[in-house]
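Worksheet: the structure to be examined is printed underneath.
Here the structure is a predicted model, which means the values were calculated and not measured.
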Amino acid sequence: MSLPIVVSSKQEKWDCHQCGFCCRGSLIPLKSDDLQRLSNQNWEQHPEYRNVRILVRHFGTGGDYRLAHRADGTCVFLTGEGRCHIHERFGSQAKPTVCQIFPLQLVPQDRESVLTIRRACPSAAADLGRPLAEHAALVKQFIGEHRLSSDPIAPPPLKHGDSRDWKTIRRVLQCAEQILTDQRYPPVRRVVHALQFVNLIGRAQTKRLTDQKLFELAQTLVEVVPDESEIFFENRRPPRAYSQTLFRTAAINVARLHPLCEHRRNWSSRFQLFQTGWRILRGSGQMPNLGHVFPQASFKDLESARGALQPEVYVPLTRYLEANATTFLYSSADRQRWPLLESVRGLAILFPIGLWMLRWLSFGRQPTHQDMLNIIVALDRSQGFAPLNGSIHRWRLAALSTQSELERLSIWYSS
């Protein structure tokens, strides 16, 4: 049963500006109709694609095959001018469904599907283009053609051993949204408030509470977490050594997703990746040479106090957090069946990671708005990246939550 479509209330905007970033490093799974269209296009007869594999086996969801990549990680159909070869020769409707619909994203619940945008597209991260409502017709067309689903999904559990219906989970998500979009506070305080919110719910014996009592508890916590969080800002201190190590392992995985990073599939690249992992665990000396995008800097350079940034630099990151919170994208689209409390932590850690990446990317100069937009692309990609969706990352988030280290990381890297 297809759900009615509602447009995100965050007044998101987007149009394609042909930057080609979505064709760099992205995995494009292909359904049967995608494969048929590609077959009808007879690429094997095109001089540029003779003896070139355009498909490879795909072991994720969405299809048995995906579009192939070149050695530098770009899509096999990306032209030297940064455009899609399929689009140039046959038009936009000839492309795979994923390519046609990106970055539009449906977030289904039980009564409706919310239409939002993935900010892995720089134009979406910057809210450049037409209002999102003007793209709704395309989404509805794809649903009518059964190329896109808006069927209801099950709600995420509240926490381990405590599952609720959508009505109750939605109420708790709305409380988290209220905290993360509270314009009275700067973004770092909102993140810390949200972390305190889920920590307090996590400690409560919620299984003994009715749905109404749970909602009343959540509402009460929305009011008290600003006072509960004040101690972290009064007693600001560096994160502990173990939390820095855990944090770096997550942050380097996100940094690898920067849209200008090249990841060649050869033994040299694998060895460099091993070296990168070792340096991250050691945490001393020079930062690894990651995709020739980030400048040379030391771990000490990135992990020492730097000072507050200009407020406008935070704008894309703030918009990213707010859009995720309002649409519930962080809790349902990429991390289905993660408990709600873990999903909030998974979103919150992206705030200090983004600021850590900004320190590295702009080392030796002033950070720019464009720096942050490219970082938002990486942050959004990370929500569909296996190393940041699995059991290891869930364990990492739990470890960082035991002594409120996520709160301290967020404060440390914001100042």
Side-chain angles (χ1 to χ4, degrees), residues 21-22 24-27 73 103 118-122 124-125 187-188 191 195 239 243-263 269 272-273 276-277 279-281 283 287-295 297 299 301-303 313-314 316-321 323-324 329-330 333-335 338 342-363 367 370-397 399-400 405-406 409-410 412-414:
F21 278 16
C22 57
R24 301 177 185 275
S26 301
L27 300 182
R118 297 305 303 254
R119 291 175 182 256
C121 168
V188 61
V191 169
L195 289 168
S243 65
Q244 284 283 27
T245 300
L246 292 175
F247 176 76
R248 285 193 299 265
T249 59
I252 201 69
N253 272 311
V254 179
R256 291 171 55 204
L257 303 175
H258 188 285
L260 297 180
C261 276
E262 290 187 3
H263 301 290
S269 296
Q272 288 178 359
L273 189 59
T276 296
R279 288 191 187 184
I280 290 296
L281 289 173
M287 293 290 295
N289 180 10
L290 189 66
H292 306 285
V293 172
F294 296 87
F299 285 92
D301 292 328
L302 302 191
E303 295 174 0
V313 177
Y314 288 100
L317 184 54
T318 304
R319 285 284 290 169
Y320 177 73
L321 293 172
N324 265 268
L329 175 62
Y330 70 97
D334 291 313
R335 289 170 174 160
W338 273 43
E342 289 186 11
S343 292
V344 173
R345 293 181 182 125
L347 176 64
I349 197 176
L350 296 181
F351 178 77
I353 287 176
L355 297 178
W356 180 86
M357 287 177 61
L358 187 65
R359 289 184 176 200
W360 190 6
L361 192 62
S362 64
F363 180 70
Q370 188 60 49
D371 289 334
M372 185 57 85
L373 290 178
N374 289 343
I375 289 167
I376 296 302
V377 172
L379 296 178
D380 195 71
R381 285 180 170 183
S382 75
Q383 292 202 60
F385 189 42
L388 295 169
N389 277 351
S391 57
I392 292 177
H393 190 53
R394 292 173 70 173
W395 170 83
R396 182 189 294 125
L397 292 172
L400 289 172
E405 287 295 290
L406 274 177
L409 285 161
S410 299
W412 185 255
Y413 284 107
S414 67

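- Considering NE2 of His393 and CZ of Phe385, their distance stands at 11.5 Å, rounded to 0.5 Å.
- Residues Ile375 and Trp360 are not in side-chain contact: their nearest non-hydrogen atoms beyond the backbone lie 4.5 Å or more apart.
- Expressed to the nearest 0.5 Å, how far CG of Leu409 lies from CG of Leu195 amounts to 10.0 Å.
- Between Ala124 and Pro103, the shortest heavy-atom distance links the atoms CB-CG, 4.3 Å.
- Here the CZ atom belonging to Arg24 is positioned 7.0 Å from the CG atom belonging to Leu260, to the nearest 0.5 angstrom.
- In this structure, the side chains of Leu358 and Tyr413 stay at 4.5 Å or more apart for every pair of heavy atoms.
- Using a 4.5 Å cut-off on side-chain heavy atoms (C-beta onward), Leu361 and His258 make contact.
- Scanning both residues, Ser414 and Leu355, for their nearest heavy atoms gives CA-CD1, 3.6 Å.
- A distance of 10.0 Å separates CG in Leu27 from CZ in Arg381, rounded to the nearest 0.5 Å.
- Taking CD of Gln383 as the start and CG of Leu329 as the end, the distance is 6.0 Å to the nearest 0.5 Å.
- A donor-acceptor pair under 3.5 Å links the side-chain atoms of Arg118 to the main chain of Asp380, judged by distance alone.
- In plain terms, the two heavy atoms of Ser410 and Phe351 that are nearest each other are O-CE2, 3.9 Å.
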Legend entry - Check against side chain to side chain contact (heavy atoms under 4.5 Å, CB included), Tyr314 and Met372: CA-CA 8 Å; Tyr314 288 100; Met372 185 57 85; 5.6 Å; no

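- Residue Ala255 comes nearest to Met357 through the heavy atom pair CA-CE, 3.8 Å, listed as atom of the first residue, atom of the second, then distance.
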Legend entry - Full working for side chain to side chain contact (heavy atoms under 4.5 Å, CB included) between Arg248 and Phe299: CA-CA 10 Å; Arg248 285 193 299 265; Phe299 285 92; 3.6 Å; yes

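- Closest non-hydrogen pair, Ala120 versus Val377, comes out as O-CG1, 3.1 Å.
- Proximity of a side-chain donor or acceptor of Arg359 to a complementary backbone N or O of Leu302 within less than 3.5 Å is detected.
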Legend entry - side chain to side chain contact (heavy atoms under 4.5 Å, CB included) between Leu406 and Phe247, intermediate numbers included: CA-CA 9 Å; Leu406 274 177; Phe247 176 76; 5.9 Å; no

Inset, instruction - Please step through side chain to side chain contact (heavy atoms under 4.5 Å, CB included) for the pair Leu397 and Trp338, ending with a clear verdict. - result: CA-CA 12 Å; Leu397 292 172; Trp338 273 43; 3.7 Å; yes

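- Tyr330 pairs in a side chain to side chain contact (heavy atoms under 4.5 Å, CB included) with only one of the listed residues (Leu350, Val344, Leu321), which is Val344.
- Here the closest non-hydrogen pair linking Arg119 and Ala323 is NE-CB, 3.9 Å.
- Rounded to the nearest 0.5 Å, atoms CG (Leu246) and CD1 (Ile392) are 11.5 Å apart.
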